[in-house]
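A, B, ... follow the sequence lines: proteins, then strands. Residue 1 opens every chain. Hydrogens, waters and symmetry mates play no part in the numbers below; they use all other heavy atoms, side chains included.
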Amino acid sequence: MLKRFDACEIEKRWQKYWQENKIYDTGPRDTSRPKEYVLVELPYPSGNLHIGHWHAFAVPDIYVRFKRMSGTQVLYPMGFDAFGLPAENAAIKNQLDPKKWTEQNMLDMRKQLDSMGNAFNWEHSASTTDEEYYRWTQWMFTEFFKRGIAYRGEGQVNWCLCCQTVIANEQVHNVEDDDCCERCDSKIEKKNMPQWMLRITDYADRLVDDLKDLDWPEAIKEAQRQWIGRAEGYEIDFKLNVDDYDGVVVFASNNKSKCARLKYLLSSTKLKIDLKTPEEIGISDFKVKEDGETLSDNSLKKARTLANLIDLPVLADDTGFFIAGSNVDPVKVKRNALQDLKEEELSQDQISNLVLEHYKSLATKQGGEVKATWKHVMTLIMPDGEEKQVTANRPVILTNKVNGQIDHNLPIRSLYIVKATGKYANEQNDQETELDLQPITDELNKLFQNAISVFTTRPDTLFGATYIVLAPEHPYLTKYNNLITNREEVDIYLKNSLKKRDQDRLDISKEKTGVKLEGLSAKHPLTNEILPIYVADYVLGNYGTGAVMAVPAHDERDYDFATKFSLPIKPVIENNEEPLPFTQHGKLINSEKFTGLNSEEAKTKITNETGGKTKRTYRLRDWSIGRQRYWGVPIPIVYDPEGKPHTVPDKYLPWKLPEDVDFTPTGLPPLAKSKELLERTEKIFGTGWRPEVETMDTFVDSSWYFLRYIDHINKDIFSSTKAQHDWMPVDIYFGGPEHTTMHLLYSRFWQKVLFDMGLVTCDEPYNKRVNRGLILGPDGNKMSKSKGNVINPDEQVADVGSDTVKMYLAFMGPYEGSNYPWDMGGIAGIRRFLERFYGLSDHIKKDEPEEITRLLHQTIEKVTNDIPQFKFNTAISALMIFVNRAERLGLTNETYRKAILLIAPFAPHLSEELWQRQKSGSDTEKIDSIHLQSFPKANPDLLKSDTVEITIQVNGKKRGSLNIPRGEKEAYVLTAIKNDDGLAKHLDDKVKKVIYVQDKILNIVLEK
RNA sequence: GCCGCGGUGGCGGAAUUGGUAGACGCGUACGACUCAAAAUCGUAUUCCGUAAGGAGUGAGGGUUCGAUUCCCUCCCGCGGCACCA
């Protein structure tokens, strides 16, 4: 029988009681219990809670409560991601202060959240708009800037006309073939402008590789992999028919041993370069003070200074180390190595020794052997100011052992010729081999040679390459502009293709276009055949090397282009003498000495023959974070009168958002209109200094909030190591699939940067990720005001109560994955069930049948197994089965108490009400909250009944079933079948075989 | 086009180390209560068939005593990537 209850009254009363008694406070970390950090994506305080918020917060609350009752110390915090466009737009529309609007919304939303009755840890909260929060966002940005992770970049950006701001690549969504803004769904344009960027591409490999150890749904991992788009291929050089440089080059340092080293390397290339130090060409007093930026910046600065003094090419060289997969900042290493010593007072050798010692101690700390990647950056500055920069990576192992002995006298210069064998090699001895030096000599060759580097995954088709294609953005188009005889035609094409990019993507026809570069051609690296060079926009400037070798016989795009321009098509791969469809692998033909090899073998053999090498390339671009809007974290940068950016020093953080701003979007950043910000900047830094006027993407704010939750009032650091040891990593992160390639990627990157800086204790922030589905309107469509199918949770709660709404959301289906339509009948069913549960006490008896006792324990078992798998729907179903039977057969008080405990995570208010009524009928005397009790444990002896129903099949078809004692043998069942008329009639004498699975099935196979 | 996930009654879904397909809820039908309706309670509810029986987990094929579950081919839906070399 149903028994109505007043959900509203019960829920308000207990919510107040819980709050007053702080029953959900986690308290300090208690190491006698396991911990679990359960995180839900922090909401934007839009001012009204929608049903999606309920799905996002109330359902995981079931898990949290269950875990707490099971003895785990669970942290379940909540906060607000309160910067962002909606506040600003609302403020513009209604002429309000976004700050006040946001603060009011947070208050309103807090009330709504309270009405959920969730077991949140409000004592661990954070709001991204708090000055004490964004102060740390800014501090991290300044640290990132100092390390070169944050930089001012130039290039094509996504501009949202509606939001009047730049957005990141991840925030561009595809709607019916249009590039649209993630926030407002309006179309975006491409635009060239300087941008604040974060070097997420430096972390591309780790962001891919580290996915494998995460307990995330495969779909999300795969989406991230695809977004990063790592491709393993090969880089092959096609020399241009242009002379190589072969004169004097000045090395931008007076470090003689380093110069000698490079000379040695140059001699091993085929170049005729004469490398000289500044002293050797008569510049005696050459020194530029290093001022704390990265080593490569410093060396480049030196080279530029030098280049201004002379009329010769200048080579800048820089060496850095990556130890144990983590980026060891050479500047920081140097600083740590020198400690309190002044660099100016030391000789080059002394510095070298100190740095070497420091590296050695790092090596020792890591067990005497350090796997590392050695990165070498070289920049060539030509007399006309053109700069070409290359980097070479290769794995090395640093060790403090040489031939088993610890070598204490290792010179620093030897470090950059460390072999992949794990031994130090000395400059003077001949342990170096060409092989070890190959990456460096390759890079040197590149700097001085005039070759087009192409990226390919199919070097096995090299002999089928009949022409070369450059992307319109390729630097050679400007570099060799004076050699191109049909310059005008090329320029028109370049202009058109750039315009095309700015236009509607829909207008791009799939028809290939391009122009041949007259006067410029390339040499096939193996046949020395002269190949024409084209510029065509089907080759992308920002992928691979921006140049491809075209193999029209085996690539569809090249085929289309070759057909259109009547270029030769030369097949070089076949399979059983059949021509192959594009992109397939097979046996090589027409490939000189490689003919007859299969594709896989040929790939490395041909690449080696050309002197090419393997190369990784990525689809991922750096994260552009500058926004030309008001309501965000000001980027803590000021520009000196020369326009050079400097970080705002720590003591001026938080670098506050000015309030004297008209933030109507005009395309000009609103902060540029603030008098106060300008005055503040000049007052602190001096006349002529200018503030940065862009604010940060709000995804920056949310990239680290989980670190602040756990230590939210710390004034000294954004999150202490102690707090992180207590709670990090996040054990389960519940959220929506829309964040797969945005927030989830950004915050992983952010965490890794902090990890490399030694500021966080783990490399990955989230152990397990659970993506929930979407709640659709009753009509099965996405809820939207225009469709009029929006379910307002407040109305639902007023109608049936918070417990019912929460339980209904949990009952719709498994939490992970699917989208579910809201069903009014369905929620009524849950309410009926809870009313039934409310009336269950009417069925309490002195004794209960064994069936009920067993069923109770089976239900405990089922619920205990299902909740950790987020299969709340089947757990609730089990509870329903129990209540249905218990109503009919009656239950003891003891069983009743356990049933209330069992339902407590699902219906926290109702169960508390029933629990408290257990106590002697007195209303005033309170006993401990049900939510502080232990979850019931199933008695294994009661899980299995003595009899089982066994299915009887004949020839695999079900013919009936029998109730037999558990554990009986085959013979017993066969006898039982013979005694059962209904079953026996299906049998004749010709039994061929009997298959018996104990307690489950018996199948009799008859001969035909 | 490539990659990932999925396809089970009128609906949401349940059941996979291969062993009674459709738990639980919704909806529907009939009955009880009622002057009546709602609410509630009871019974039924995959389809075809009066029944015996037969068919049935996107389609087709295979392995097996037995397939929603494993394998192959294909179709459809959702999501991601896409002129990415």
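Within the nucleic acid shown, A:N1003 comes within 4.0 Å of at least one base atom, counting heavy atoms only. Contact annotation for A:T456: backbone-only contact, meaning every heavy-atom pair under 4.0 Å involves sugar-phosphate atoms and none involves a base. Using a 4.0 Å heavy-atom distance criterion, A:Y820 is classed as a sugar-phosphate-only contact. Using a 4.0 Å heavy-atom cutoff across all strands shown, A:K1000 reaches sugar-phosphate atoms only and no base atom. At a threshold of 4.0 angstrom between heavy atoms, the contacts of A:K871 are confined to the sugar-phosphate backbone, with no base atom among them. Across all strands shown, A:E556 has no heavy atoms under 4.0 Å from either base or sugar-phosphate atoms. Within 4.0 Å of A:P217, counting heavy atoms only, lies no atom of the nucleic acid at all. Among the atoms of the strands shown, only primed sugar atoms or phosphate atoms (P, OP1, OP2) are found under 4.0 Å from some heavy atom of A:G829. If you check every strand for non-hydrogen atoms under 4.0 Å, A:E222 touches sugar and phosphate atoms only.
The same atom, C1', is picked in B:A15 and in B:A67; the two are 14 Å apart, to the nearest Å. If you take atom P in B:U73 and the same atom in B:U69, they sit 16 Å apart, rounded to whole Å. Comparing the C1' positions of B:C5 and B:C11 gives a spacing of 22 Å, expressed to the nearest Å. When the P atom is compared between B:C3 and B:G54, the two are found 43 Å apart, to the nearest whole Å. A distance of about 11 Å separates the C1' atoms of B:C33 and B:A39, rounded to the whole Å. For the P atom pair drawn from B:G56 and B:A44, the interatomic distance equals 27 Å after rounding to whole Å. Comparing B:U68 with B:G9, their P atoms sit 14 Å apart, to the nearest whole Å. Using atom P as the reference point in both B:C26 and B:U40, the two lie 9 Å apart (nearest Å).
Contact of A:Q953 with B:U20 (side chain to base): no donor-acceptor pair of N or O atoms is detected under 3.5 Å. One N or O donor and one acceptor, one from the side chain of A:Q226 and one from the base of B:G80, sit under 3.5 Å apart.
Looking at the side chain of A:P814, the nearest of the listed nucleotides B:A85, B:C26, B:A14 is B:A14. Comparing B:G54, B:G13, B:A85 by their nearest atom to the side chain of A:R959 picks out B:G54. Closest contact between the side chain of A:M880 and the listed nucleotides B:A85, B:C83, B:G25 involves B:G25. Out of B:G19, B:C83, B:A14, the shortest distance to the side chain of A:T874 is found at B:A14. When distances run from any side-chain atom of A:V997 to the nucleotides B:A85, B:G19, B:A15, the shortest one goes to B:G19. Comparing B:U20, B:A85, B:C65 by their nearest atom to the side chain of A:I1001 picks out B:U20. Of the candidate nucleotides B:G12, B:C65, B:A85, B:C65 has the atom nearest to the side chain of A:I995. Distances were taken from every side-chain heavy atom of A:K512 (C-beta onward) to each of B:C83, B:G12, B:A85; the shortest belongs to B:C83.
Rounded to whole angstrom, the span from the CZ atom of A:R831 across to the P atom of B:C24 amounts to 23 Å. Summarising the geometry, the separation between CZ on A:R230 and P on B:G80 is reported as 23 Å, rounded to the nearest angstrom. Put simply, CZ on A:R769 is 21 Å from P on B:G4, counting in whole angstrom units. Atom NZ in A:K212 sits about 19 Å away from atom P in B:G4, given to the nearest Å. Remark: P of B:C11 and CG of A:N819 are 18 Å apart, rounded to the nearest angstrom. A:Y815 has its OH atom 21 Å from the C1' atom of B:A14, to the nearest Å. A:E816 has its CD atom 18 Å from the C1' atom of B:G12, to the nearest Å. Rounded to whole Å, the distance from CH2 on A:W822 to P on B:C11 is 21 Å.
Taking the centre and axis of the six-membered ring of A:Y815, the NZ or CZ atom of A:R772 falls outside the cone set by 45° and 6.0 Å. Both tests do not hold together for A:R621 against A:Y543: distance to the six-membered ring centre under 6.0 Å, angle to the ring axis within 45°.
With hydrogens and angles left out, the side-chain atoms of A:Y808 and A:Q796 include no donor and acceptor closer than 3.5 Å. Donor-acceptor pairing under 3.5 Å is lacking for the side chains of A:W623 and A:E170. A:D779 and A:N789 share a side-chain donor-acceptor pair at under 3.5 Å.
Looking at every heavy atom in both residues, A:V469 comes nearest to A:V539 through CG1-CG2, 3.6 Å. When all heavy atoms of A:F455 and A:V548 are compared, the pair lying nearest together is O-CG1, 4.5 Å.
Note on ring orientation: taking the six-membered ring where Trp is involved, the planes of A:F561 and A:Y538 are tilted (angle from 30° to 60°). A tilted orientation is assigned to the rings of A:F5 and A:Y838, their planes being inclined by 30° to 60°.
Contact annotation: A:N873 side-chain N/O to B:G25 OP1/OP2 distance is not under 4.0 Å. A close approach under 4.0 Å does occur between a side-chain nitrogen or oxygen of A:N884 and OP1 or OP2 of B:G25. For A:R832 and B:U40, the shortest distance from a side-chain N or O to OP1 or OP2 is below 4.0 Å. The phosphate of B:A85 (OP1 or OP2) has a side-chain N or O of A:Y543 nearer than 4.0 angstrom. Taking only side-chain nitrogens and oxygens, A:K993 comes nearer than 4.0 Å to OP1 or OP2 of B:C65. Note on A:K564: every side-chain N or O is 4.0 Å or more away from OP1 and OP2 of B:C83.
With its glycosidic angle within 90° of 0, B:G9 is assigned syn.
Scanning for side chain to side chain contact (heavy atoms under 4.5 Å, CB included) contacts around A:P475 gives an empty result, with sequence neighbours left out.
The line from CD1 of A:I167 to NE2 of A:H173 is 8.0 Å long, rounded to the nearest 0.5 Å.
Considering only heavy atoms from C-beta on, A:L462 stays 4.5 Å or farther from A:T456 through its side chain. A:V948 is listed as a side-chain neighbour of A:I964, based on a closest heavy-atom distance under 4.5 Å.
For A:N1003 (side chain) and A:G956 (main-chain N/O), a donor-acceptor pair under 3.5 Å exists by modelled atom type.
Residues A:V1005 and A:T951 both approach RNA chain B. Their nearest nucleotides, taken by heavy-atom distance, put A:T951 toward the 5′ side. Comparing A:A223 and A:S818 by the nucleotide of RNA chain B whose heavy atom lies nearest to each, the residue mapping closer to the 5' end is A:S818.
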Strictly under 3.5 Å: I want the nitrogen or oxygen pairs between protein and nucleotides 42-46 of chain B, one per line.
unit_1, atom_1, unit_2, atom_2, d
B:G42, OP1, A:R888, NH2, 3.2

Discussion item. If a pair means Watson-Crick or G-U wobble with both distances below 3.5 Å, what does RNA chain B look like in dot-bracket form, with | marking bases paired to a different strand?
Written reply: (((((((..(((......[....)))((((((.......))))))(((....)))..(((((..]....))))))))))))....
